[in-house]
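Quick caveat: nothing in here was measured; it's all calculated off a predicted structure.
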Amino acid sequence: MIATAQAFGVDIGGSGIKAAPVDLEHGEFAEPRLKILTPKVSTPQSVAAIVKQQLEHFEVGEDTPVGVAFPAPIKPGQKLDFMANLDQSWIGVDVTEVFSEACGRPVTVVNDADAAGLAEQRFGAAKGQDGLVIATTLGTGIGTALIYNGVLIPNTELGHIELPKGKGDAEKWAASSVKDNEGLSYKQWAKRLTKYYGLLEKYFNPDLFVVGGGVSRASDKFLPLIDINAEIVPAKLRNEAGIIGAAYYATTKQLH
């Protein structure tokens, strides 16, 4: 592995598994990432084998912290009780154990939205921000990360907050996929986002919202239309956030 990297990050998604050595002094990849398609039958064994392959590809040293961003709530020492984007055989499995055993080294696992939020707090749009930051990813659903004075409050699922007046689960009404499926204009969608972020603001009084996900590339078309009091800004690290955040998180856990 290249000398400028202090840690290694992996981001596991339903379609691809991306990995790269990370330069934590600058919050960027130390080498171009390697993406391998997620196996059609994405069992723990098949996914962990790809992570091992990526570690070998980059010749990651035994002492290098390795972090994995994973698409489910992660509680260390507990087995997974829910899985949306990978094979259902993950249910009942200790994810950290699976990766650590397959890779023959300690691996730190963190929820993927939490990893992205941490990366934005440490290196991106929320760098230097005190108080409460709520990072969100608008995509197929709505992922969320809560970070208070730089400390992650893990596994929040604020994309599932219930909206008033019978609108139900927030992500089923305001995710980026809903905008596309219903053919909403940015203005129409921003009205829905105003209701969603307005509710989060009412309950949590955050100092800053960070908005990520692929649609954040077009943030100038909808962010200025979201009518709330809290500051709301686009994410900076985009698709690199999961890898960078996982790598950074691994260093914080392996120091303890």
Side-chain angles (χ1 to χ4, degrees), residues 1-72 74 76 80 83-87 90 93-120 122-124 137 139 143 145 152 212-214 235-254:
M1 193 168 79
I2 198 162
T4 51
Q6 295 85 27
F8 188 78
V10 184
D11 189 3
I12 293 175
S15 59
I17 299 171
K18 300 165 287 190
V22 176
D23 175 346
L24 292 174
E25 284 176 23
H26 300 98
E28 62 191 24
F29 295 168
E31 295 181 66
R33 71 175 196 187
L34 171 65
K35 178 178 178 179
I36 297 176
L37 294 180
T38 305
K40 281 201 165 63
V41 184
S42 50
T43 62
Q45 292 72 24
S46 63
V47 171
I50 287 177
V51 175
K52 182 172 188 276
Q53 183 185 336
Q54 288 169 321
L55 286 166
E56 288 168 355
H57 171 85
F58 287 104
E59 298 178 348
V60 179
E62 299 255 323
D63 299 331
T64 304
V66 175
V68 172
F70 193 78
I74 296 295
L80 212 60
M83 173 46 71
N85 296 330
L86 298 174
D87 193 78
W90 280 94
V93 163
D94 182 326
V95 182
T96 304
E97 205 172 79
V98 164
F99 286 118
S100 298
E101 283 183 5
C103 298
R105 65 171 78 210
V107 172
T108 304
V109 184
V110 60
N111 169 266
D112 54 359
D114 286 342
L118 270 175
E120 291 295 340
R122 188 78 180 81
F123 305 107
T137 50
L152 174 69
K236 280 188 179 168
L237 299 173
R238 308 208 191 276
N239 291 334
E240 298 185 0
I243 291 175
I244 293 171
Y248 168 66
Y249 188 70
T251 65
T252 69
K253 291 294 155 193
Q254 293 190 15

>> If I compare all heavy atoms of Asp23 with all of His26, which pair ends up nearest, and what's the gap?
In response: OD2-ND1, 2.9 Å
> Within the distance-only criterion (no hydrogens, no angle test), does the side chain of Arg105 pair as donor or acceptor with the backbone N or O of Gly61 below 3.5 angstrom?
Replying inline: yes
>> As an exercise, state the distance from CZ of Arg33 to CG of Asn239, rounded to the nearest 0.5 Å.
In response: 6.5 Å
> Between Gln54 and Ala20, is there a donor-acceptor pair closer than 3.5 Å when you use the side chain of the first and the backbone of the second?
Replying inline: no
> Is there side-chain contact between Val110 and Leu152, with at least one heavy-atom pair below 4.5 Å?
Replying inline: yes
>> On a heavy-atom basis, which atom in Leu55 and which in Cys103 lie closest, and how many Å separate them?
In response: CD1-SG, 3.5 Å
> Quick one: are Ile17 and Pro39 in side-chain contact, heavy atoms under 4.5 Å?
Replying inline: yes
> Tell me, do Phe70 and Val10 make a side-chain contact under 4.5 Å, heavy atoms counted?
Replying inline: no
>> Quick one, Leu86 and Pro71 - any side-chain contact, counting heavy atoms below 4.5 Å?
In response: yes
>> So Ser46 and Val41, do their side chains get closer than 4.5 Å, heavy atoms only?
In response: no
>> Is it the case that the side chain of Thr251 and the backbone of Tyr248 share a donor-acceptor pair, with hydrogens and angles ignored and the cut-off at 3.5 Å?
In response: yes
> Once you round to the nearest 0.5 Å, how far does CD1 of Ile243 lie from CG of Leu34?
Replying inline: 9.5 Å
>> Tell me whether Trp90 contacts the main-chain N or O of Ser42 through its side chain, where contact means a donor paired with an acceptor under 3.5 Å.
In response: yes
> Considering all heavy atoms of both residues, which atom of Val98 and which atom of Ala48 are nearest to each other, and what is their separation?
Replying inline: CG1-CB, 3.9 Å
> Is there a donor-acceptor pair closer than 3.5 Å between any side-chain N or O of Gln6 and the backbone N or O of Thr4?
Replying inline: yes
> Is a side-chain N or O of Glu120 found less than 3.5 angstrom from the main chain of Leu237, in a donor-acceptor match?
Replying inline: yes
> Which atom names give the shortest non-hydrogen contact between Ala7 and Thr64, and what distance separates them?
Replying inline: CA-CG2, 3.7 Å
> So among Ile74, Asp11, Ile12, which one has a side chain to side chain contact (heavy atoms under 4.5 Å, CB included) with Asp112?
Replying inline: Asp11
> Which distance, rounded to the nearest 0.5 Å, do you find between the CG of Leu80 and the OG1 of Thr96?
Replying inline: 10.0 Å
>> Using a 3.5 Å distance criterion without hydrogens, assess whether the side chain of Thr108 forms a donor-acceptor pair with backbone atoms of Gly67.
In response: no
> So how far is it from Lys35 NZ to Ile50 CD1, rounded to the nearest 0.5 Å?
Replying inline: 12.0 Å
> Okay, side chain of Asn111, backbone of Ala72: is any donor-acceptor separation there less than 3.5 Å?
Replying inline: yes
>> Could you report the tightest heavy-atom contact between Ala145 and Ala113, atom names first, then the distance?
In response: CB-O, 3.5 Å
